[in-house]
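Please read the structure below before turning to the comments.
Everything quoted here is computed from the prediction, not taken from an experiment. The basis for the numbers below is simple: all heavy atoms, side chains too, and nothing from hydrogens, waters or symmetry mates.
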Amino acid sequence: MAKKILVAGILDTKGEEIKFLSQRVKAAGGDPIVLELSVGHEVGWADISLSQVVGKVGKKPEDIFALDRKGASDLVAEGAIKLVNEMREKGDADGIIAYGGSMGASIATRIMQSLPIGFPKIMLTTMASGDVSPYVGTRDICMIYPIAEAGLNKVTRQILNNAAAAIVGMASPPTMEGIEEKPLIGCMMFGVTTPCVLRASSIVEKAGYDVMINHAVGSGGRSMEELIRDGYIAGILDITTHEIGDEMLGGVLSAGPDRLTAAGDMGIPQVVAPGGLDLINFGPKNTVPERLLKETDQPGRGLYEHNPTVTCIGVSMEEAYMIGEHMAKKLNAAKGPSVLAVPMRGWGACDLAEPNLELGWAGPGPGPVWAPDEKNPNWSRRAVRFVEALKANIDPNKENLEVILVDKHMNEPEFAELLAELLLEMLDGKWKKGNKADLPYVVPFYEK
């Protein structure tokens, strides 16, 4: 049976292109269903009319034509989201492809973002040549740059023909045979925490789990939070949490205010570490706020140019305290087993007392944001200040929540092994608060 492919767009301005795309879907073996997303006037020839779309939100086409284009597009998107998801749930849609400019892409990709991971989605738009993050969001949307804004010719016909074949192919994938579905563990990684993440995830994989390692660049954290809420993730090694710092301190890799909430809300096991929280991330050096550049002579506030497009500034001691307060409040709300493990000798490759290539810093000298504690020079002053905030804010009476201080660096093998062991114990139902207190490198959280 031919796969049912929704072919969507603003038909009053891109009608000929959508008709051609629909024909090519049929030629590729699909069953095209033209979905109208017009905001100017109703064309009358779509398989799913604008009237049907806006009827899902109790409106008529004349209602939206009386609005400005933003208001009209919002209502069209809202109605189409309801309609398309109803079709998908009934088995009446196997994939969606759309063609449009900025307005068409805005409407169509909002529909696509509402669809589950794995449902085929292709967006043809000239906006694909720039920043596509507003269009992709956290979903598996394929963006194709069609060269031209409109018109059918020997260039655009070939691109549309290829795209039509692609969506039909995506809707007809081969069956994956002989693959064992294992429980999925989430994990967050950034370059400065790579040694820790790879070692910990390898241990978990050998124990019989699959591990999804997301890049902690903002979209990665948002995707992980959504995957947890959607029920994909059985437990998480939340090793790299610097997206929280970027959200609080103005960095460019924020994952939004809901970072570090999904696992707690869903009650799944979580092992958390402050990986990368020694850094605030920016673009090229000229994008770093002037006030921060003036503070680079302060302890731990050093500047690190990773490459011409990525510049980092060290998190200050008071900022570390603020982050500790913030994370404590979020972890206090956790419903499932939760451990925050704090490596006291540094939180990433830039936070090292001396060069160590295996831990990520080749030198010369200490890492650019390292600042030794005054009482214990082997420990990071930032880590000590962070722990002070935790002591003042973590709920000590919660049996499902523990803070473990570890006399190791983030990227030392023992720290990675501890994180993996904690999560595996949680998943097996064997973890108890305080069961790692006898390890030689674990330090009591509260003074005895």
What is the minimum heavy-atom distance between [X] and [Y], and which atoms define it?
| X | Y | result |
| --- | --- | --- |
| Pro32 | Val7 | CB-CG2, 4.1 Å |
| Leu419 | Ala341 | CD2-CB, 3.6 Å |
| Ile18 | Ala8 | CD1-O, 3.4 Å |
| Ala216 | Thr240 | CB-CG2, 4.0 Å |
| Ile10 | Ile107 | CD1-CD1, 4.3 Å |
| Val192 | Gly276 | CG2-CA, 4.0 Å |

Going through the distances and angles, do Asp92 and Lys4 end up as a salt bridge (Lys or Arg N to Asp or Glu O under 4.0 Å)?
CA-CA 7 Å; Asp92 293 335; Lys4 299 173 183 177; 3.6 Å; yes
Is it the case that the side chain of [X] and the backbone of [Y] share a donor-acceptor pair, with hydrogens and angles ignored and the cut-off at 3.5 Å?
| X | Y | value |
| --- | --- | --- |
| Asp63 | Lys60 | yes |
| Asn400 | Gly336 | yes |
| Glu42 | Pro61 | no |
| Asp230 | Tyr232 | no |
| Ser114 | Ile111 | yes |
| Lys14 | Asp12 | no |
| Thr125 | Met127 | yes |
| Glu243 | Gly218 | yes |
| Asp47 | Val34 | yes |
| Gln52 | Ser49 | yes |

Does a donor on one side chain and an acceptor on the other come within less than 3.5 Å for [X] and [Y]?
| X | Y | value |
| --- | --- | --- |
| Thr156 | Glu17 | no |
| Arg229 | Thr261 | yes |
| Gln270 | Ser338 | yes |
| Ser38 | Glu36 | yes |
| Thr138 | Glu226 | yes |
| Arg110 | Ser106 | yes |
| Asn162 | Gln158 | yes |

Set out, in order, the CA-CA distance, both residues' side-chain angles and the distance that settles ring pair (Phe, Tyr, Trp, His ring centres under 6.0 Å) for Phe65 and His41, then state yes or no.
CA-CA 7 Å; Phe65 299 154; His41 70 267; 7.4 Å; no
Taking atom [atom1] of [X] as the centre, does the number of heavy atoms from other residues, nucleotides or ligands within less than 6.0 Å exceed 12?
| X | atom1 | answer |
| --- | --- | --- |
| Lys19 | NZ | yes |
| Lys398 | NZ | yes |
| Lys182 | NZ | yes |
| Glu358 | CD | no |
| Lys59 | NZ | no |

Would you sort out whether Tyr304 and His306 count as a side-chain contact (heavy atoms from CB on, under 4.5 Å), showing the intermediate values?
CA-CA 6 Å; Tyr304 172 59; His306 184 60; 3.2 Å; yes
Would you check if [X] and [Y] make a side-chain contact, meaning some heavy-atom pair closer than 4.5 Å?
| X | Y | value |
| --- | --- | --- |
| Leu11 | Leu37 | no |
| Thr311 | Thr287 | no |
| Val197 | Phe190 | no |
| Leu340 | Ile404 | no |
| Glu417 | Ile203 | yes |

What's the separation between atom [atom1] in [X] and atom [atom2] in [Y], rounded to the nearest 0.5 Å?
| X | Y | atom1 | atom2 | value |
| --- | --- | --- | --- | --- |
| Met143 | Ile141 | CE | CD1 | 7.5 Å |
| Asn411 | Leu352 | CG | CG | 7.0 Å |
| Lys285 | Ile313 | NZ | CD1 | 8.5 Å |
| Asp210 | Glu180 | CG | CD | 8.0 Å |
| Phe20 | Arg157 | CZ | CZ | 6.0 Å |
| Met322 | Met327 | CE | CE | 14.0 Å |

Aromatic centroids of His409 and Phe415 separated by under 6.0 Å
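That pair fails the under 6.0 Å test.
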Member of Leu277, Leu279, Ile323 meeting the side chain to side chain contact (heavy atoms under 4.5 Å, CB included) criterion with Val315
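Considering Leu277, Leu279, Ile323, a side chain to side chain contact (heavy atoms under 4.5 Å, CB included) with Val315 is found only for Ile323.
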Evaluate Ile117 against Arg139 for side-chain contact (heavy atoms from CB on, under 4.5 Å), listing each step before the verdict.
CA-CA 6 Å; Ile117 291 170; Arg139 282 298 188 256; 4.0 Å; yes
Where do Lys56 and Glu86 land on the salt bridge (Lys or Arg N to Asp or Glu O under 4.0 Å) test, with the steps shown first?
CA-CA 11 Å; Lys56 291 293 180 180; Glu86 287 174 4; 2.7 Å; yes
When you look at Arg259 and Glu225, which way does the salt bridge (Lys or Arg N to Asp or Glu O under 4.0 Å) test go after all the steps?
CA-CA 7 Å; Arg259 184 71 174 84; Glu225 297 287 320; 3.3 Å; yes
[X] with [Y]: basic N within carboxylate O range, under 4.0 Å:
| X | Y | result |
| --- | --- | --- |
| Arg382 | Asp351 | yes |
| Asp140 | Lys121 | yes |
| Glu295 | Arg301 | yes |

What verdict does the side-chain contact (heavy atoms from CB on, under 4.5 Å) test give for Ile159 and Ile147, after you've listed the backbone C-alpha separation in whole Å, the side-chain angles of each residue and the deciding distance to 0.1 Å?
CA-CA 9 Å; Ile159 296 168; Ile147 306 297; 3.3 Å; yes
Full working for salt bridge (Lys or Arg N to Asp or Glu O under 4.0 Å) between Arg199 and Glu414:
CA-CA 10 Å; Arg199 191 176 188 91; Glu414 294 88 347; over 6 Å; no
Which class fits the ring pair Phe386 and Trp347: parallel under 30°, tilted 30 to 60°, perpendicular over 60°?
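Taking Trp347 first and then Phe386, their aromatic rings stand perpendicular (interplane angle over 60°).
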Before giving the answer on side-chain contact (heavy atoms from CB on, under 4.5 Å), spell out for Phe282 and Ile280 the whole-Å C-alpha distance, their side-chain angles and the decisive distance to 0.1 Å.
CA-CA 7 Å; Phe282 297 97; Ile280 314 170; 3.6 Å; yes
